[in-house]
Each structure stands twice: as structure tokens, then as C-alpha cells.
Amino acid sequence: MEYDTIIGLEIHVQTKTNSKMFCTCPTGYFQKEPNSHVCPVCMGLPGALPVPNKRAIELCMLMGLATDCTIANEIYFDRKHYFYPDLPKGYQISQYKNPICSDGSVTLPNGFEVKIERIHQEEDVAKSTHHTSTSESDYSLIDYNKSGVPLIEIVTKPCIRTAKDAKDFATQIRQIARYLNISDADMEKGQMRCEPNISIQEKGRWEEKDGKILPIGDYELNPKVEVKNIGSITAVEKAIEFEVERLTKELGEGRKPIQQTRGWNANKNITEFQRSKETADDYRYMPEPDIPVIEVSNDDIERIKSELVELPHEKITRYMNDWGISQYAAEVISASRKDASYFEKLQTLLFEKLEAKIAAQEAANWLMGTVFALEGDKEIDMNDLSLLIMKFKEGKITKGKAEEMLKDCISNNKDISDELDMFEKSASDNAGNIQDIVKQVLDNNPKAVSDYKGGKEATMGFLVGQVMQATKGASNPNDVKNILIELLK
Amino acid sequence: MKIDVKHTAELSRITLTPEELEKFTPQMETILESVTLLKDVNTDGVQPMKAHVKFDELREDVPQESLTQEEVLRNAKHKEAGFVKVYGKVFGDIEES
């Protein structure tokens with residue numbers, strides 16, 4: 001039996017605000033004393049009134065604008081009820097029928113378009129840690145600092161077909177969030193959480209209509225599995241691959257899968273049963289009566305749109321089309337806004353001396369080949385770097401020597417332009433006695449000389465290398481070659 | 001109007017005895033029935049009565065001081081090392097503590 005894999009993703013992202021979604025408590029709860037960023041609103045005390053945070057809603061809209069969503073002109077909040085200690089009010093303020101952003105899409109590097117159903121605004125819940133005890137009954141310890149932190153939920157249509165595409169989508173969402181400063185989106189810190197919904201269906205016996213998976217004829221759809229507790233982008237792909245294999249095996253053995261929630265176990269690289277979902281969730285949504293309808297004008301939306309910057313996938317296309325950068329290099333360079341900006345500034349500097357394409361390619365080569373590997377926490381001065389690259393382009397220094405100098409300057413905190421001055425000075429000192437050095441090399445390598453004279457031109461490279469070695473790299477290989485040719489005539 | 005009080009109670013993690021169920025079910029149904037009267041009102045062309053606020057008038061993102069940990073925990077029946085402590089299993093029943 002052949003199956004299709006059907007994946008939908010729900011991605012939660014904590015947005016980067018100073019205060020919480022509905023109260024003025026500070027948001028930075030990481031490594032803070034438990035229950036020190038809490039007030040009657042996020043504690044859910046009776047009579048407390050939620051007051052929406054403007055910036056949080058702007059960030060939700062910004063994510064929607066970056067993913068081609070339609071932004072609503074009226075914002076409604078709803079109450080989603082469930083009873084659990086991490087939610088002291090007994091309901092989460094969320095959005096039900098009218099999300100802030102709807103009908104968007106993201107195009108993956110392989111060209112596949114992931115359709116986004118909605119992005120809505122809600123609030124995070126408290127952090128609970130569960131403990132088992134021998135002396136008393138099991139208990140949980142709860143810290144309400146995280147309760148009420150702004151959270152957006154991005155929901156795709158069930159249009160994803162491979163684990164790799166799901167992973168690429170999550171990667172792209174994280175990149176957008178970081179580029180636009182919507183969130184740091186660190187999955188290990190829980191700032192971004194991915195929950196895939198996965199099912200496998202017999203080929204040709206189902207169809208997708210308006211984002212819903214429907215059976216064809218008398219086919220009975222297989223239920224879906226939701227995977228939680230995914231702590232990294234790579235785990236998104238691994239968890240889905242594991243589930244597809246598990247579900248295929250189960251069906252192959254004639255067992256019918258059940259609708260369930262499973263948890264990813266990163267140590268064992270498997271998913272584990274958490275609970276079955278025999279009944280549909282019953283959240284008893286109702287309009288949030290404490291928050292008025294928020295009117296958003298087109299001017300408001302335009303103002304937020306001005307915060308958009310060129311996004312990684314747009315940069316990749318531009319680098320490739322305008323400057324002939326390879327896709328791989330373009331992807332690496334644009335992975336973070338900081339690296340992309342460094343690359344673009346370096347290109348601009350080199351462009352003063354070089355043609356635009358060459359400037360971009362040199363900048364890319366040096367960043368990919370040397371700078372990214374060396375840089376670490378240290379910043380390399382852009383003017384110095386462009387100076388060094390230009391010396392290389394002018395043939396005044398070999399690439400090896402230049403890289404060596406760069407490395408030395410970074411690890412020993414030396415100034416590149418000083419080092420270059422010294423290098424050029426010693427190069428010109430050498431130039432005086434370079435003739436002598438070349439003669440000596442020729443004397444020491446009679447075999448190479450006779451080989452060259454016998455027509456083996458490749459030997460030239462060897463001889464140039466010998467001279468370069470003798471001058472410790474402080475001479476221009478082209479000059480050396482010319483002298484050699486002259487002397488070997 | 002029929003109402004599944006048992007299900008509603010379970011959603012709120014409240015355990016009801018069969019006697020209580022028998023007692024509460026008609027009571028809640030009566031309440032719902034009286035509210036259902038509203039359904040008979042013709043609301044054609046009536047705008048929903050909901051307060052509106054302009055986006056620009058929303059609260060600016062400026063944090064203010066929270067309660068102290070001591071104040072936060074004052075209403076907690078059980079506490080430990082600055083946390084609120086609740087008894088019960090993760091996905092099972094969380095008993096009222």
C-alpha cells in the first residue's frame with residue numbers, strides 16, 4: 001500500500017515586548033526568581049482587567065505582513081476555556097473565529113509554497129514542573145512569570161507533504177522572526193514551539209479542499225497524531241520521519257491508528273504516547289467581554305509595514321540574480337541579518353574599486369572561506385578587510401599570506417592596516433635582492449630547471465613556490481614568475 | 001433543553017456524585033431555558049453592542065512593577081521555594097488542593 005504524508009504545523013512564537021500581553025508586568029522571566037513578575041491580571045485574580053499591549057499586536061501583524069497574510073481591520077479576542085494549574089483564570093485569552101492575520105504563505109528554498117491559514121494573538125501560560133514523591137502524592141510547582149507573555153500562533157494548512165519541507169518552513173519562520181526582531185525564537189528556551197499534526201492516507205483516496213482533508217468515496221480517513229515537546233528545528237524533521245514510519249508500520253500490520261498526542265523524546269529519538277484524543281477538544285469559546293473591539297485603520301497597517309526589511313529569501317534571490325552568488329553561499333550569508341548586512345557593506349566598499357559582481361563574489365568568498373570561520377565573537381574591521389582583499393586582488397599579496405595575516409590579526413588583536421604596511425615594506429626590501437634569491441633557487445633545483453627547459457611548463461609553479469617560500473611569502477608571485485621566465489630564457 | 005452536566009463538570013475537573021448530578025441537571029437546564037428566551041427577540045439590523053477602541057489608543061509597551069513574590073504567594077494554599085505547589089498528576093486528575 002502506498003501512502004501520502006499529510007502534515008500541518010502549529011508554531012507558537014513568544015514575541016519580544018517589554019511588558020506582558022494584557023498587563024504591565026515585565027516579560028523577561030528567564031532565570032528570574034519564580035513568581036516575581038506577576039500581578040492580579042496574569043495571576044487571574046477575580047476582577048482583574050486585561051489591557052492589550054499595542055506593541056505585541058504590532059509584532060503579530062508584522063509576522064502576518066512578512067508572510068503575505070491579510071490583516072484584519074477589527075481585532076476580537078475570545079476566551080478559550082480549560083482547567084489546568086498553568087492557567088489560573090480558567091481560560092486563555094486567544095482568538096477564535098477572527099484571527100489578526102489570515103491566508104498567507106511562505107515559499108521554501110525548493111520553491112514549494114506553504115499556505116498559512118492564520119496567525120493569531122494569545123497569551124502564554126505559566127511554567128509548571130512536575131514532581132513525583134515517595135512521601136506525598138505527586139505534585140507540580142508553578143511559576144507564573146511566563147503567564148501572560150505575548151504569544152502568536154502560526155497555523156499552516158495541512159499542505160506539507162515531507163518532513164524536510166516542515167523543517168524548512170520552521171527554519172524560515174524562525175529566520176523571519178529574528179530578521180524583523182519579532183522574537184529571538186530560541187526553541188531551547190521555549191520562545192518558539194513547533195507542533196506538527198501528521199497523518200498518512202492511502203494514495204488517491206483523499207483530497208484537500210479549503211485546507212481540509214476529505215475522503216474520496218467510502219474511504220475512511222486515518223486519524224492524525226499531534227507531536228509536542230519538540231525542542232529544536234532538527235527535531236521537527238526527525239519527529240515527523242519517526243511518526244510516518246511508525247504509522248506506516250502500524251497500518252501495514254493491520255492495526256488502525258488512534259488519534260493521539262505524542263511527545264518527542266530527544267534522548268531516544270522517538271515519540272512517546274501521551275494521551276489519546278477520543279473526544280474533540282471542548283474549549284467553550286466565547287467573546288472576551290473585557291476587551292473592546294480594536295479598530296485598525298489602513299494607515300496603522302501601512303505604518304507597521306514600514307518595519308518590514310528585505311527578508312532572507314528575497315536577499316538570496318537578489319544575491320544570486322544580480323551578483324551571481326551561488327545558492328549555497330547566498331543561503332549561508334543571509335542566514336542572519338547581521339551577516340547579511342556585513343556582506344552587503346563589504347560589497348559596497350569593494351565596489352569602489354571593483355565591478356559590482358566581482359566585489360560581491362570576492363566579499364562572499366572571503367566571508368565564507370575565512371571570516372565566518374575565524375570571527376567568533378570578534379568583529380573584523382570592514383575597512384581593513386576590504387583593504388586586504390584589494391591588496392590580494394592587485395596581486396600584492398597571495399591569498400594564503402592574506403589569510404594568515406587575517407588570522408594572526410584576529411587572534412592576536414593586531415591592526416590589519418599596520419600589518420599590511422609592514423608586509424609591503426618588507427616586500428619592497430625583498431624586491432631588491434629578489435634576483436639573488438631567484439638565482440639561488442635555480443642553482444638549488446637543476447632538475448626542475450632542465451625539466452622546464454625541456455618543455456615541462458608545469459614546473460614553473462614549483463619554482464615560483466620555492467621562491468615564495470624563500471621570501472616567506474613577502475613577494476608578488478606574478479613578479480617572481482616574470483623574473484623566472486626572464487632568467488630561464 | 002438537555003445539558004450534559006457530567007461532561008461540563010469534568011471539563012472543570014469537578015467530581016459530582018450521582019445524587020448531585022440528578023439534582024443539578026434540571027436546575028441548570030432551567031437556567032439555560034430562561035436564557036433561551038433571548039433567542040425569540042428579533043435582532044435583524046441591530047448592531048452588536050460592543051465597545052470599540054482605536055488601535056492607536058492601546059496601551060504602550062512600558063513595563064511597571066509587579067507584586068512581590070510574597071504577595072503573589074499569599075493566596076496559595078501550598079507553596080515551595082517561591083513556587084505555587086499543586087497536587088495531582090500531569091494529565092490525570094488534578095485534585096482540588
Side-chain angles (χ1 to χ4, degrees), chain A residues 17-20 22-28 33-40 42-43 45 51-58 74-76 81-85 88 90 126 128-130 136-145 274-275 279 282-284 287 289 291-297 300, chain B residues 3-16 28 32 35 38 43 47-97:
Chain A
T17 57
N18 300 316
S19 65
K20 288 187 179 179
F22 298 112
C23 65
T24 55
C25 283
T27 47
E33 261 299 290
N35 295 307
S36 58
H37 289 183
V38 182
C39 75
C42 46
M43 192 69 175
L45 297 185
V51 184
N53 180 339
K54 187 206 261 178
R55 183 62 189 153
I57 295 177
E58 285 177 356
E74 286 186 339
I75 297 175
Y76 299 85
H81 297 86
Y82 68 95
F83 198 78
Y84 203 71
S128 35
T129 42
H130 308 295
E136 54 180 341
S137 30
D138 294 347
Y139 63 92
S140 303
L141 294 180
I142 305 178
D143 171 10
Y144 289 97
N145 285 349
Q274 280 187 342
R275 61 196 151 124
T279 47
D282 189 349
Y283 291 124
R284 292 148 295 144
I291 301 176
V293 178
I294 300 163
E295 290 176 8
V296 181
S297 70
D300 293 327
Chain B
I3 172 168
D4 187 349
V5 177
K6 188 165 176 281
H7 175 64
T8 310
E10 277 166 1
L11 289 173
S12 302
R13 312 234 179 213
I14 297 169
T15 318
L16 295 180
M28 291 183 76
L32 272 186
V35 177
L38 289 172
T43 55
Q47 288 292 313
M49 196 186 75
K50 180 111 192 179
H52 282 235
V53 61
K54 296 232 182 302
F55 184 73
D56 219 34
E57 293 162 8
L58 291 179
R59 172 173 64 87
E60 295 296 338
D61 181 30
V62 181
Q64 273 159 36
E65 216 163 294
S66 305
L67 298 175
T68 63
Q69 189 190 66
E70 194 200 345
E71 285 169 318
V72 172
L73 296 177
R74 201 170 284 163
N75 285 322
K77 195 165 171 185
H78 306 282
K79 56 200 101 174
E80 186 178 305
F83 293 91
V84 176
K85 187 175 187 181
V86 293
Y87 291 93
K89 271 189 244 123
V90 188
F91 293 111
D93 305 327
I94 291 174
E95 308 282 337
E96 249 192 306
S97 51

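Heavy-atom basis, side chains included; hydrogens, waters and symmetry copies ignored. Letters go in sequence order (proteins before strands), and every chain restarts at 1.
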Step by step, would you call His7(B) with Asp282(A) a side chain to side chain contact (heavy atoms under 4.5 Å, CB included)? CA-CA 10 Å; His7(B) 175 64; Asp282(A) 189 349; 2.7 Å; yes

If we ignore hydrogens and angles and just use 3.5 Å, is the side chain of [X] paired with the main-chain N or O of [Y] as donor and acceptor?
X: Asn35(A); Y: Gln69(B); result: no
X: Lys50(B); Y: Ile291(A); result: yes
X: Asp61(B); Y: Ser19(A); result: yes

Can you list the steps and then say if Tyr139(A) with Glu80(B) is a side chain to side chain contact (heavy atoms under 4.5 Å, CB included)? CA-CA 11 Å; Tyr139(A) 63 92; Glu80(B) 186 178 305; 3.8 Å; yes

Per-residue contact mode, [X] against chain B (heavy atom under 4.5 angstrom):
X: Tyr76(A); answer: neither
X: Tyr283(A); answer: neither
X: Asp300(A); answer: side chain

For Leu11(B) and His81(A): C-alpha separation, side-chain torsions, deciding distance, then whether side chain to side chain contact (heavy atoms under 4.5 Å, CB included) applies. CA-CA 9 Å; Leu11(B) 289 173; His81(A) 297 86; over 6 Å; no

Using non-hydrogen atoms only, which part of Val62(B) is less than 4.5 Å away from chain A: side chain, backbone, both, or neither? backbone

Ala76(B) portion near chain A, given a 4.5 angstrom heavy-atom threshold: neither

With a 4.5 Å cut-off on side-chain heavy atoms, are Leu67(B) and Cys25(A) touching? no

Nearest-0.5 Å distance, [atom1] of residue [X] to [atom2] of residue [Y]:
X: Thr24(A); Y: Arg59(B); atom1: OG1; atom2: CZ; result: 6.0 Å
X: His52(B); Y: Ile294(A); atom1: NE2; atom2: CD1; result: 11.0 Å
X: Ser140(A); Y: Phe83(B); atom1: OG; atom2: CZ; result: 11.5 Å
X: Arg284(A); Y: Ser12(B); atom1: CZ; atom2: OG; result: 5.5 Å

Which atom pair, heavy atoms only, marks the closest approach of [X] to [Y]?
X: Ala81(B); Y: Pro34(A); value: O-CG, 3.8 Å
X: Tyr84(A); Y: Arg13(B); value: CD1-NH2, 4.0 Å
X: Lys54(A); Y: Phe55(B); value: CE-O, 3.6 Å

Using a cut-off of under 4.5 Å for heavy-atom pairs, which of Asp143(A), Thr129(A), Val51(A), Val296(A) has the most such pairs with chain B? Val51(A)

Hey, which of Pro289(A), Cys23(A), Ser36(A) has the most heavy atom pairs under 4.5 Å with chain B? Cys23(A)

If we define contacts as heavy-atom pairs under 4.5 Å, which of Asp56(B), Thr68(B), Leu73(B) has the most with chain A? Asp56(B)

Using a strict cut-off of less than 4.0 Å between a Lys/Arg side-chain nitrogen and an Asp/Glu carboxylate oxygen, indicate whether Glu60(B) and Arg55(A) qualify as a salt bridge. no

